[in-house]
Structure formats: C-alpha cells, structure tokens
Amino acid sequence: MKSEIQQSLQQALEALHAEGVLTDLPAAAQVERTRDPAHGDFASNVAMVLAKQARMKPRDLAGRIVAAMPASPVIAAVAIAGPGFINIHIAEAAYRALVPAILRAGPDYGRSRLGAGQRVQVEFVSANPTGPLHVGHGRGAAYGAAVADLLAYVGFDVHREYYVNDAGRQMDILATSVWLRYLELCGEALDFPANGYKGDYVWDIAASLHREHGDDYRVAADVVREGLPLDELTPGDGGDKEAHIDALTAAAKRLLGDNRYRFVFELGLNTILDDIRGDLAELGITYQAWFSERSLVESGAVNRAVERLREAGHVYEQAGALWFRSTAFGDDKDRVLVRENGQTTYFASDIAYHMDKMERGFTRVIDVWGADHHGYVPRVKAALSALGDDPRRLDVLLVQFAVLYRGGEKVQMSTRSGEFVTLRELRKEVGRDAARFFYVMRRCEQHMDFDLDLAKRQSADNPVYYVQYAHARVASVLQQAADRGIALALTPVPGDGKLERLTEDHEIALLKTLARWPEAVEAAALTEEPHQLTHYLRTLAQDFHTYYNAHQFLVDDAALRDARVQLILAVRQVLRNGLSLLGVGAPERM
RNA sequence: GCCCUCGUAGCUCAGCCGGAUAGAGCAACCGCCUCCUAAGCGGUAGGUCACAGGUUCGAAUCCUGUCGAGGGCGCCA
C-alpha cells in the first residue's frame, strides 16, 4: 500500500522533472504514515524538501505535484496542508480488499523479497561452553533469533551460527574442575581451587564420569598436590590462583595422559554443549551451524590468519610476543596475536573465524554480542581491514544487559560463585512465550528490566497474554458459532459484496492496522529492531479487543456476520504471523 | 583518564536517517458483563523530552559541553 503511494508520487515528480519544474529528482519520494488521522493515511514532505530547487513556495509546488499524480483506485483524496505537506487518504475499498488478500496469503502475508536472496550470516549467543546459559544470554538469544527470522521473512538467505569457544584456557579449567570433583567423589581429599568452576553442573558431570568409569581416572591426592604453587583462597594470602589452576591443569594432563585427559575434556564440553543446545531448542531457537574454535586451531586456520597479517606487514614482535598493529586501522592500542609462551590469543582465533566468515561469501555478517564486548568491535574491524576485507560487511549488534526483578527487588547474579540464575530456570518460571516476548520488547541498546512477576502474570498488564488472548478470542468466536450451529462463510467470495458491510469506525481502524503489517515487518527487519513487532502486535490486539467489545460478530444478518468473521480471521492470521516470527505460541484457548 | 550505550508522564518504555498539538502500557481515579472468554473495553488525570549552548523555516530527534546511570579499557575468554 505504501509502495503504491510512493510510485504515484514518484511518477508525479518525474513528470514535473520532464517539464523542467524540478532540476533534480530524489532517489525515492518520502512517504510516511501520518500520526494524526485528520491528516489522512500517508503524508509526504517532498514539496517542502524540493521547494528550494524548484524556486517555488512549498504549497505551490505541492499543488503542482498533486495535479501531476496519476489517478489510482487506492487513493481516495489528496490534500495540501500546513506548510506544504501532501496528505493522502486511502480509499476504504482498498482497505476492505485486504481481507481476501490476507486470507489468501496466509502465513506469507507480510513476507517480501526485499532481501533478494542475499546471504546473511547471523551469529548469536556463542557463550563459552564452560557452564549452562544464564539469563544474560537469553536476551542475546531471543534478539538474535528474532533478527535472523525477520531477515529471512523479508527475503534474505539467513545462516544462523553459534561460535563454540572449545579451545583455550577456560576449557582446560573446566576439564580440570570436572576431574577434581571426580577425585572428591572417589574419596580423595583436595581443596577445590579458587579459580575452578564451582557450579553444581560440574558435580553432575563428575558424577557421570564416576558412575561410568569407576576409579579409572583416579590419582592419589598427594600426587596431584605435589609441587603445586599456592592457591589464593583469600585475597592477599600470598597465593596465586592463576598459577595454581594452570599448574593443576598441567598436572591433570601429565597424570592422566593425553587420551584420558582428552576424554574428561570432551565429556565436559559435550555435556554442556548438549545442555546449551537443549535450552535454546526449548526456546524454539535452532542453528544451521555450531562452529568450533578448535577446528580453526587444528586446521591451521589461526596460523594462516596470523601469517596473512604478517605478509601484509601489519605485525611486529615486542617483548617476545607477536603484535597486530591495529592502531593503524583505528583501534586504541595494538593487540597481541601470539603470546610470549607461544600460544595464540582468543583474538587470533577470532580473526581466523571472521576471515572464514568472509571467505564463505556472505553479503553481510551480523554478530550479536553482549554490550560488555563493545571494546572488541574496533579490533575485529581493524583486522578485517588489514586483511583487505570491507569492515562494513560486518555489523556488530550490541545487546545491553537485562536485569531481573522479582517482587520489586533486583535479583542478584554472580557467575563466579556458581549461583547464577540459569536461562533454564527462567524459562521454567515464566514459560517460553513470555521469555521470548519480554526479551525482545525493548530496543537492544536499551538497558532492560525484566520483571519476572509481570511475565508470569496472566492479566491485561502482561503484553504477551494480551496479544495471545486476542488470538484465542477469535478461535472462541468460531467455536461459539459451531456450538450454535451457525454456518459461516470463512472464505471471501469475490463480488458477493459482503465485505462492503464493514463500515464501522472500529472495522476501518482494524483494517488500517492490518494494512500496516508488511511495513512493520520491513521496518523491524531493516533496522534489526524486533521490538517494533511487539509494539505492532500490541496495537493490533488492542484494536481487536476494542472492536470485540463494541460489536457483536455473530449477528443475525448473515452477510454482515460473514464479513465480520472474515475480518477477524484476517486479524488472527496476522497475529499468528507476528507471534510466530518472535517464537511465541498462538493458543486457540486460554 | 579514555571509549561505548542510555537519560522522554509516578513506574516500564515507544517516538530519534529533523516536520504538523510529544505517544502507549502499568499504577491512580470514574464508569461498562441478561450479550461471542471482564485474561476485556471506555473515560479522566498525569510532561521544562536530564541540563546548557549551537545548527535552521522548524530540534525529543543532528552537533558541542555539563551532570547522572550502566558497561568496557589484559600476553583472560
């Protein structure tokens, strides 16, 4: 509908251009929804924008433009208002025609080919597999999934990916933690390291190791302890928790040998990855690929990335380490690629990973990161520039933290002590629908308060229930008709004139909201702002509830009854399309 | 100290590529079920768009500064 208006205006501008009234043509005529219905349905400010170059008063130019607009069945009236706005009123018939169009398109109403099949990768969550997902990851999960689904809906070929940090020190610490807990289960007396992973899930993995393999991995506590540097159990006690845990890891590798160590490591990694996969699947989130960092290391891709930077002359050695001169590409300081001990950094892996993404030929690559990683953006972009890629192909979307509230109190979280609130606990408490909806209700840049009580509440102030209730009410009307033995014409018949019976203000308002759906989807997708969808759905639900209260649908007049039922079927379809895009269910009954 | 994000009604937030009188929900107050789910609807009230400058026909929106909130500044991941 909007594009038809745009075309109409564009044709008018082209005509004036041909006449010499305008010297330049704008790329596209700006058309917007009006805020005030008195200004019509759409308004354009082109006349004011082009007034200067036409050397005319805005209102006079507007008059010329309006005169040059071709007639259209969609447009009922055009008016010039205020300083030179062109206000366009849509014909009600055009709105009524939406009902059959929506019912015919079904799940595809709102879909478009805007993306023209361009390949886009969306990488999101990518939490380290050293523990279960916590509530902080939930926002990135829901947001990333919604962005990916939106882009797919408007015609992009979307590839969803999870980057698994399965290499590096943290994973070794996890494996060591599992082994130490296992030793405790075997009856060995050991102090658990300050820097180890203390969560219950570590016990669970250790218990399964003990259950399946008995004492096969047991080593006497004295032997493990031998020659370890002091742990720092309390700050300032002279110990070094970093050196301690690293020495413990080295001891584990030495005492268990490669194969047995690898087994414990894999057990921890796979158990946790399965857990993460399960959590996300329960939220309706799935991926095309789980990309392993270790595969990059083992295939030599990380070394290749470092070599490419070296060949391009962007690295130097200092104090035994190999540095990337990222400051040459706008970063604050240079970054280490290879440490003094010969190990590559996480950053080196990440360069290799992004290099790989680029080589896979995506038109666009989107990374969804927590806001705490914002400082990381310039260095990754710097690396892409240094490698000769266009950093603009990479979009990093930063998601601010979500703070949980329960009973008006902030819920405390701390990952270190292992007492965090897991995403699973959140989902079990508020349910999948509320979790998915609440997480995307706010702009991603906005710090978010997640009210657990509100999310659980089954009442009007909970937006999820409000929208779902609108959907259930439509089903309820149909059920009521069936119960009363009323035969309904669910499919509009062209030319039967029934839809022309939709003349009430509430009906026109509802039709106008339905008409906005494709625009809402497009805007939400292109700006990567799924929260716009939640707002749209709330508005649609509200228009429906208002209509429901103002008028009976199952009236005696069969033609009017059919028209109203067809209208609310269209509403149901759009509610379904919207909720499904957000991964939220559309219940028939509540 | 430097960098990123945010600051709009009592609360939670839309609006932000400049545009017409700043919007919604909740909470508050007043109403509405012999009628398809009242998990709903209607109405009233509520604002110096943090503050100060600047840009212009026009600024909540763009720029600069100040204040405030959160986050980031490792040879951690």
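Naming convention: chains lettered A, B, ... in sequence-line order (proteins, then strands); numbering from 1 in each chain.
A:M448 comes within contact range of the sugar-phosphate backbone alone, with a heavy-atom separation under 4.0 Å but no base atom that close. Residue A:A472 is classed as a base contact, given a heavy-atom separation below 4.0 Å to a base. A:D372 comes within 4.0 angstrom of sugar-phosphate atoms only, judged by non-hydrogen atoms across all strands, and of no base. A:A319 comes within 4.0 angstrom of a base, heavy atoms only. No contact: A:A482 has no heavy atom under 4.0 Å from any strand. Counting any heavy atom pair closer than 4.0 Å across all strands shown, A:R589 reaches a base atom. When heavy atoms are screened at a 4.0 angstrom cut-off, A:H506 is found touching no nucleic acid atom at all. No engagement by A:A470 is indicated, since no non-hydrogen atom pair under 4.0 Å with the nucleic acid exists.
Contact of the A:P530 side chain with the A:Y143 side chain is registered, since non-hydrogen atoms from C-beta on lie closer than 4.5 Å. Residues A:V315 and A:W323 are not in side-chain contact: their nearest non-hydrogen atoms beyond the backbone lie 4.5 Å or more apart.
Per the geometry, OH belonging to A:Y439 stands 18 Å off C1' belonging to B:C13, to the nearest Å. Regarding A:D562, its CG atom lies at a distance of 15 Å from the C1' atom of B:C36, rounded to whole Å. Spacing between atom CD of A:E317 and atom P of B:C75 amounts to 16 Å, rounded to whole angstrom units. In this structure, A:N549 atom CG and B:G42 atom C1' are separated by 9 Å, rounded to whole Å. A:Q532 has its CD atom 19 Å from the P atom of B:G23, to the nearest Å. Whole-Å rounding puts the A:H471 NE2 to B:A39 C1' distance at 16 Å. Protein atom NE2 of A:H447 is 9 Å distant from nucleotide atom P of B:G7, rounded to whole Å. At whole-Å resolution of the value, CE in A:M441 and P in B:G15 are 14 Å apart.
Remark: A:R379 fails to qualify as a cation-pi partner of A:F324 under the 6.0 Å distance and 45° angle criteria applied to the six-membered ring.
The only member of A:V31, A:V66, A:V78 that meets side-chain contact (heavy atoms from CB on, under 4.5 Å) when paired with A:I88 is A:V78.
Panel note: side chain A:D334, backbone A:T327; a donor-acceptor pair is recorded below 3.5 Å.
Listed candidates were B:U5, B:U12, B:A77. Nearest to the side chain of A:R169 is B:A77. Among B:A24, B:C13, B:C75, the nucleotide with an atom closest to any side-chain atom of A:R339 is B:C75. When the nucleotides B:C75, B:A20, B:C76 are ranked by their closest atom to the side chain of A:N87, B:A20 comes out on top. For A:R443, the side-chain atoms get nearest to B:C6 when compared with the rest of B:C4, B:A77, B:C6. Among B:A14, B:G71, B:A38, the nucleotide with an atom closest to any side-chain atom of A:Y548 is B:A38. For A:V477, the listed nucleotide lying nearest its side chain is B:C36; candidates were B:C36, B:A14, B:A77. The listed nucleotides are B:G40, B:G74, B:A77; the one nearest the side chain of A:H545 is B:G40. Listed nucleotides B:A77, B:C13, B:U5 differ in distance to A:Q446; the shortest reach to its side chain belongs to B:C13. In this structure, of B:G40, B:C36, B:C73, it is B:C73 that holds the atom nearest to the side chain of A:K333. Closest contact between the side chain of A:R538 and the listed nucleotides B:C13, B:G25, B:A77 involves B:G25.
The residue among A:E445 and A:V338 whose nearest nucleotide of RNA chain B lies closer to the 5′ end is A:E445. Toward the 5′ end of RNA chain B lies the nearest nucleotide of A:C444, the other residue of the pair A:C444 and A:L554 mapping further downstream.
Rounded to the nearest Å, the gap between the C1' atom of B:A9 and that of B:A22 is 11 Å. Remark: the separation of the C1' atoms in B:U61 and B:C17 is 10 Å, to the nearest Å. Atom name C1', nucleotides B:U8 and B:G68: the rounded distance is 15 Å, in whole Å. Only the C1' atoms considered, B:C16 is 14 Å distant from B:U5, to the nearest whole Å. Taking the C1' atom of each, B:G58 and B:G18 are spaced 8 Å apart, rounded to whole Å. If you take atom P in B:C29 and the same atom in B:A14, they sit 28 Å apart, rounded to whole Å. To the nearest whole angstrom, the two P atoms, one in B:A59 and one in B:G40, are 40 Å apart. Only the C1' atoms considered, B:A45 is 24 Å distant from B:A38, to the nearest whole Å.
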Given Watson-Crick and G-U pairs under 3.5 Å, RNA chain B in dot-bracket ([ ] crossing, | other strand) is (((((((..((((.....[...)))).(((((.......))))).....(((((..]....))))))))))))....
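In summary, A:D395 and A:R364 engage in a salt bridge, as defined by a charged side-chain N under 4.0 Å from a carboxylate O. Salt bridge status for A:D41 with A:K512: present, with a side-chain N to carboxylate O gap under 4.0 Å. Using a 4.0 Å cut-off between charged nitrogen and carboxylate oxygen, A:D562 and A:K498 count as a salt-bridge pair.
Atom CG of A:D483 sits in a crowded spot, with more than 12 heavy atoms from other residues, nucleotides or ligands closer than 6.0 Å. Counting heavy-atom neighbours within 6.0 Å of A:D557 CG, excluding the residue itself, gives a total above 12.
An aromatic stacking contact between A:F85 and the base of B:G19 is absent, as defined here by ring centres under 5.5 Å apart and ring planes under 30° from parallel.
Between A:T546 and B:G42 there is a side-chain polar atom (N or O) within less than 4.0 angstrom of OP1 or OP2. A:Q542 has a side-chain polar atom (N or O) that falls below the 4.0 Å cut-off from OP1 or OP2 of B:G25. The side chain of A:H531 places an N or O atom within less than 4.0 Å of a non-bridging phosphate oxygen (OP1 or OP2) of B:G15.
Ring centroids of A:Y466 and A:H545 are separated by less than 6.0 Å, placing the two rings close together.
Anti is the conformation of B:C73, whose glycosidic angle sits further than 90° from 0.
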